[in-house]
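Everything below concerns the one structure shown next.
Order of listing sets the numbers, starting from 1, for every ligand and every atom in it.
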Amino acid sequence: MKIIVTGGAGFIGSNFIFHMLKKYPDYRIICLDCLTYAGNLSTLASVMDAPNFRFVKESITDRKAVFALFEEEHPDMVVNFAAESHVDRSIEDPEVFLDTNIKGTAVLMDACRKYNIRRYHQVSTDEVYGDLPLDRPDLFFTEETPIHTSSPYSSSKAAADLLVLAYHRTYGLPVTISRCSNNYGPYHFPEKLIPLMIANALNDKPLPVYGKGENVRDWLYVEDHCKAIDLIIHKGREGEVYNIGGHNEMKNIDIVKIICRELGKPESLITYVTDRKGHDMRYAIDPTKIFQELGWLPETKFADGIKKTIRWYLDNREWWETILSGEYQDYYEKMYARRI
Ligand code: NAD
Ligand code: TYD
């Protein structure tokens with residue numbers, strides 16, 4: 001089995017590559033990633049020299065490069081993680097979100113059509129469903145919940161999902177889509193809530209909580225997400241959408257307080273700042289379908305997952321410190337200068 005994993009130098013994609021190489025040592029994994037600010041090749045250092053792994057630095061929006069890679073590799077499957085993923089950046093500058101998240105998805109699927117791929121899997125997000133009110137804890141997102149987006153990020157992901165389903169219906173492309181809740185764990189880029197708070201707390205810097213900190217997210221340990229995608233690409237039904245979530249709803253402020261407690265830092269570091277524009281109140285996934293069809297359940301409890309995550313950030317200070325200093329962007333040049 002040959003799988004192209006796009007966006008594999010980012011947070012979830014890299015964790016997925018580690019999971020797949022460990023579980024399926026006879027698979028060949030090709031990571032296609034153009035290394036935006038969110039891509040960090042040093043994350044993949046431990047697998048770069050593995051004989052069944054290849055890294056290709058190209059953009060999924062580059063039709064010529066994508067088709068050339070398919071011509072060379074003739075992959076069996078594509079798992080598309082590549083995306084602009086940060087809501088706040090999408091509010092500042094939406095355009096690149098449209099290019100990568102929508103057009104890039106179309107380019108990949110066009111290549112999949114030409115090369116008769118066995119499965120195209122789109123990694124999507126629960127944010128395509130919009131948000132739920134705080135006073136209705138009985139409501140959850142199911143796969144039938146209407147698409148109703150709030151940010152340029154979620155709109156671009158929703159547009160991509162619609163294109164994926166259209167390619168299935170129109171061209172018979174064998175697709176699946178997963179819509180997951182917020183992930184946390186190792187290699188999470190320190191612009192997102194949990195790693196940002198850990199890094200700031202360790203540096204005794206203010207912990208910027210948007211609004212009142214009452215927004216709720218349904219947190220899932222990244223390994224559990226990777227296991228769910230593994231199940232979907234092997235056993236999921238073509239043309240189907242699967243929600244992935246942890247039944248683990250937490251208020252932002254409670255997460256920040258847990259991080260302070262675990263690191264022995266004072267809550268006085270918490271600073272309430274101006275709210276995000278259009279800020280979604282609550283995300284909550286109903287994962288019944290993936291449980292009933294594929295037997296998936298989250299394995300890591302938040303209490304354990306957050307401890308493991310904090311431990312990882314303590315043990316891997318260099319990884320996130322080189323990101324904060326900007327040095328990680330030289331890593332590609334260093335790696336490849338050494339290889340020539
Ligand atoms: P990330 O921002 O950490 O990583 C994105 C990766 O994609 C980076 O390595 C980047 O270099 C690469 N990339 C960006 N544009 C590219 C392009 N044009 N061509 C090739 N590579 C490109 O993102 P993440 O948090 O790992 O998210 C991965 C996927 O999962 C995204 O599609 C996101 O929408 C989805 N998702 C994320 C979460 C979450 O909590 N992080 C939850 C649900 C769904
Ligand atoms: P984030 O990690 O950006 O994920 P998403 O917006 O995709 O859910 O943010 C998670 C929550 O944390 C969201 O409600 C916004 C909030 N937040 C803060 O309060 N402060 C911050 O510095 C960041 C980055 C996020």
Is the closest N or O pair between [X] and ligand 2 shorter than 3.5 Å?
{"X": "R217", "result": "yes"}
{"X": "N252", "result": "yes"}
{"X": "D280", "result": "no"}
{"X": "H279", "result": "yes"}
{"X": "Y210", "result": "yes"}

Measure [X] to ligand 2 on non-hydrogen atoms and call it side chain, backbone, both or neither using the 4.0 Å cut-off.
{"X": "N182", "result": "side chain"}
{"X": "E191", "result": "backbone"}
{"X": "L196", "result": "side chain"}

Pair [X]-[Y], side-chain donor/acceptor within less than 3.5 Å:
{"X": "S124", "Y": "D161", "answer": "yes"}
{"X": "Y153", "Y": "N101", "answer": "no"}
{"X": "S85", "Y": "K192", "answer": "yes"}
{"X": "Y283", "Y": "E127", "answer": "yes"}

I need the atoms of ligand 2 closer than 4.0 Å to a non-hydrogen atom of [X], numbered in the order shown.
{"X": "H86", "answer": "3 (O)"}
{"X": "E127", "answer": "5 (P), 7 (O), 8 (O)"}
{"X": "V87", "answer": "6 (O), 7 (O)"}
{"X": "V209", "answer": "19 (O)"}

Atom 2 (O) of ligand 2: closest protein heavy atom, distance to 0.1 Å, is L193 N, 2.9 Å
Could you check atom 22 (O) of ligand 2 against the protein and tell me its nearest heavy-atom contact, residue, atom and distance included?
-> P208 O, 3.3 Å
Ion pair R113/D110, N-O distance below 4.0 Å | yes
Do the side chains of N40 and Y187 get nearer than 4.5 Å, heavy atoms only?
-> no
Looking at side-chain heavy atoms only, is the closest gap between T100 and I60 below 4.5 Å?
-> yes
Over 60° means perpendicular and under 30° means parallel, so classify the ring planes of H188 and F11, tilted if in between.
-> parallel
With under 30° as parallel and over 60° as perpendicular, where do the rings of H19 and Y24 fit, or are they tilted in between?
-> perpendicular
So among V79, N80, I177, which one has a side chain to side chain contact (heavy atoms under 4.5 Å, CB included) with Y120?
-> N80
Every residue of the protein that comes under 4.0 Å of ligand 1, judged on heavy atoms | G7, A9, G10, F11, I12, D33, C34, L35, T36, A38, G39, E58, S59, I60, F81, A82, A83, S85, T100, V123, S124, T125, Y153, K157, C180, S181, N182, N183
What's the spacing between W312 CH2 and W320 CH2 if we round to 0.5 Å?
-> 10.5 Å
Distance (rounded to the nearest 0.5 Å) between Y115 OH and F70 CZ = 9.0 Å
Distance under 6.0 Å and angle within 45° of ring axis: R217 vs Y184 = no
Among E214, M250, R89, R276, closest by heavy atom to atom 3 (O) of ligand 2 is R276
